[in-house]
Amino acid sequence: MKANAYAEGRAPAVPQANHLGTPAANKTKTPARKGSAGWLVPAGLILLVVIPLASGALRLIELAGGPKIMPANPPMTAMPLPVVVHIACASLFALLGAFQFAAGFRRRHRDWHRLAGRLVVACGLLVGLSGLWMTLFYTSAESTGDLLYDLRLLFGSAMVVAIALGFAAIRRGDVLGHRAWMTRAYAIGLGAGTQVLTGMAASLIVSHPTALSTGLAMGAGWMINLALAEWSIRKHPAHSARAASAVVSHSR
Ligand code: HEM
């Protein structure tokens, strides 16, 4: 029998069904923790990505025939489907994904974590794939600069691979691997938010932005997020190991 991959180190009273699909046998809810500190993580993550989400909403309004507020982008106007998919999926990925990191909420609502997780996986794959598509067909190395062009191909591909690895990990009951790869994928996705900050910092340092300075600022956004993700993955190795071993021992 496979274990409930969301046990999070707690030995359930009744052996539970598998992750992602089979209904859980144990519907017992874990009592809520006192305080609201657990909500700071999703709140902070959503705050980080507010500006890209707002600009995405404005772009969608414009493409739907509304006022032209955003900078002109002829390839997007000529072929809006990829950017519409990108923005819609990025919004769901960022918002739903943030709640997957609220540990208390996740423990109390395991069915929600599974259901929302499937949507986050699907949306995340579409964000990465549409981002790669737009890099290849909307923009060019001449218009964005070689560095940004290559970084988009690198991090777009890395996001897709990380989601695939995170999904494969949970299908085989590897909680530790699932958490690590989904954290990395989310960090890459939320690079869009950190890049607003690194872009602002770059504009303070460089008075006339160049393709190189823009590429460096965007790359810094992704690297900062990935560094924070690795720190977060390694922060509680004992807790993570307990969670994983609880899953493994339960599956025997
Ligand atoms: C949750 C994460 C993400 C959010 C919220 C987001 C948001 C957006 C938005 C709002 C746009 C439209 C910009 C405009 O209207 O001018 C856009 C465009 C784009 N995004 Fe993302 N994005 C995310 C992740 C990614 C990733 C991981 C890649 C990696 C390849 C990527 C690559 C692109 C590209 C290439 C464009 C087109 C840029 C252009 O043609 O000027 N995005 N994104």
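Treat the numbers as computed from the prediction; the structure is a model and nothing was measured.
Cluster membership check: Leu226 shares its hydrophobic cluster with Val49, using side-chain heavy-atom separations under 4.5 Å among Ile, Leu, Val, Met, Phe, Trp and Tyr. Linking ILVMFWY side-chain heavy atoms closer than 4.5 Å, directly or via other members, places Trp133 and Val85 in two distinct hydrophobic clusters. Follow the hydrophobic side-chain contacts under 4.5 Å out from Leu125 and you never reach Val161; the two are in separate clusters. Under the 4.5 Å side-chain contact rule for hydrophobic residues, Leu53 and Trp222 share a cluster. Linking ILVMFWY side-chain heavy atoms closer than 4.5 Å, directly or via other members, places Val83 and Met218 in two distinct hydrophobic clusters.
A pairwise comparison of heavy atoms in Gly97 and Val120 identifies N-CG2, 3.7 Å as the closest pair. Looking at every heavy atom in both residues, Thr214 comes nearest to Pro209 through OG1-CB, 4.2 Å. Residues Thr198 and Ala217 come closest through the heavy atom pair OG1-O, 2.8 Å. Closest approach of Leu147 to Gly215, counting heavy atoms only: CD2-C, 3.6 Å. In this structure, Glu62 and Lys68 approach most closely via the heavy-atom pair OE1-CA, 3.8 Å. Across all their heavy atoms, Ala102 and Pro42 have their closest contact at CB-CG, 3.8 Å.
Residues Leu48 and Leu197 meet the side-chain proximity criterion, which asks for heavy atoms closer than 4.5 Å. Side chains of Arg152 and Leu132 form no contact here, defined as non-hydrogen atoms less than 4.5 Å apart. Asn225 places none of its side-chain heavy atoms less than 4.5 Å from the side chain of Ile188. Two residues are said to be in side-chain contact when any heavy atoms from C-beta on lie closer than 4.5 Å; Cys123 and Leu96 fail this criterion. Within the 4.5 Å cutoff, the side chain of Val127 has heavy atoms near those of the His86 side chain.
With hydrogens and angles ignored, the 3.5 Å screen pairs a side-chain donor or acceptor of Arg59 with a backbone N or O of Pro71. Looking only at distances, a side-chain donor or acceptor of Ser130 sits under 3.5 Å from a matching main-chain atom of Leu126. Put simply, the side chain of Thr77 gets close to the backbone of Asn73: a donor and an acceptor are under 3.5 Å apart. Between the side chain of His178 and the backbone N or O of Gly166 there is at least one donor-acceptor pair closer than 3.5 Å. When atom types are taken as modelled, the side chain of Gln100 and the backbone of His113 share a donor-acceptor pair closer than 3.5 angstrom.
If you look at Phe105 and Trp39, their ring centroids are closer than 6.0 Å. Taking the six-membered ring for Trp and the full ring otherwise, the centers of Trp112 and Phe99 sit at least 6.0 Å from each other.
Here the OG-CD1 distance, from Ser55 to Ile51, works out to 8.5 Å after rounding to the nearest 0.5 Å. Remark: Ile224 CD1 to Thr194 OG1 distance equals 6.5 Å, nearest 0.5 Å. Between atom CG of residue Leu58 and atom CG of residue Leu63 there is a gap of 11.0 Å, rounded to the nearest 0.5 Å. Of the inter-residue distances, the one linking Leu40 atom CG with Leu47 atom CG reads 11.0 Å to the nearest 0.5 angstrom. Taking CE of Met182 as the start and CD1 of Ile163 as the end, the distance is 5.5 Å to the nearest 0.5 Å. The line from CG of Leu190 to CE of Met159 is 9.0 Å long, rounded to the nearest 0.5 Å.
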With ring-ring contact (aromatic ring centres under 6.0 Å, His included) as the criterion, how do Phe167 and Trp181 come out once you've worked through the C-alpha distance, each side chain's angles and the decisive distance to 0.1 Å?
CA-CA 8 Å; Phe167 187 69; Trp181 284 112; over 10 Å; no
Would Asp146 and Leu212 satisfy side-chain contact (heavy atoms from CB on, under 4.5 Å), going step by step from the backbone distance to the final call?
CA-CA 8 Å; Asp146 287 336; Leu212 179 63; over 6 Å; no
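Within a 6.0 Å sphere centred on CD1 of Ile46, heavy atoms belonging to other residues, nucleotides or ligands number more than 12. Heavy-atom neighbours of Met70 CE from other residues, nucleotides or ligands within 6.0 Å: above the threshold of 12.
The ring pair (Phe, Tyr, Trp, His ring centres under 6.0 Å) test applied to Phe93 returns Tyr186, not counting sequence neighbours.
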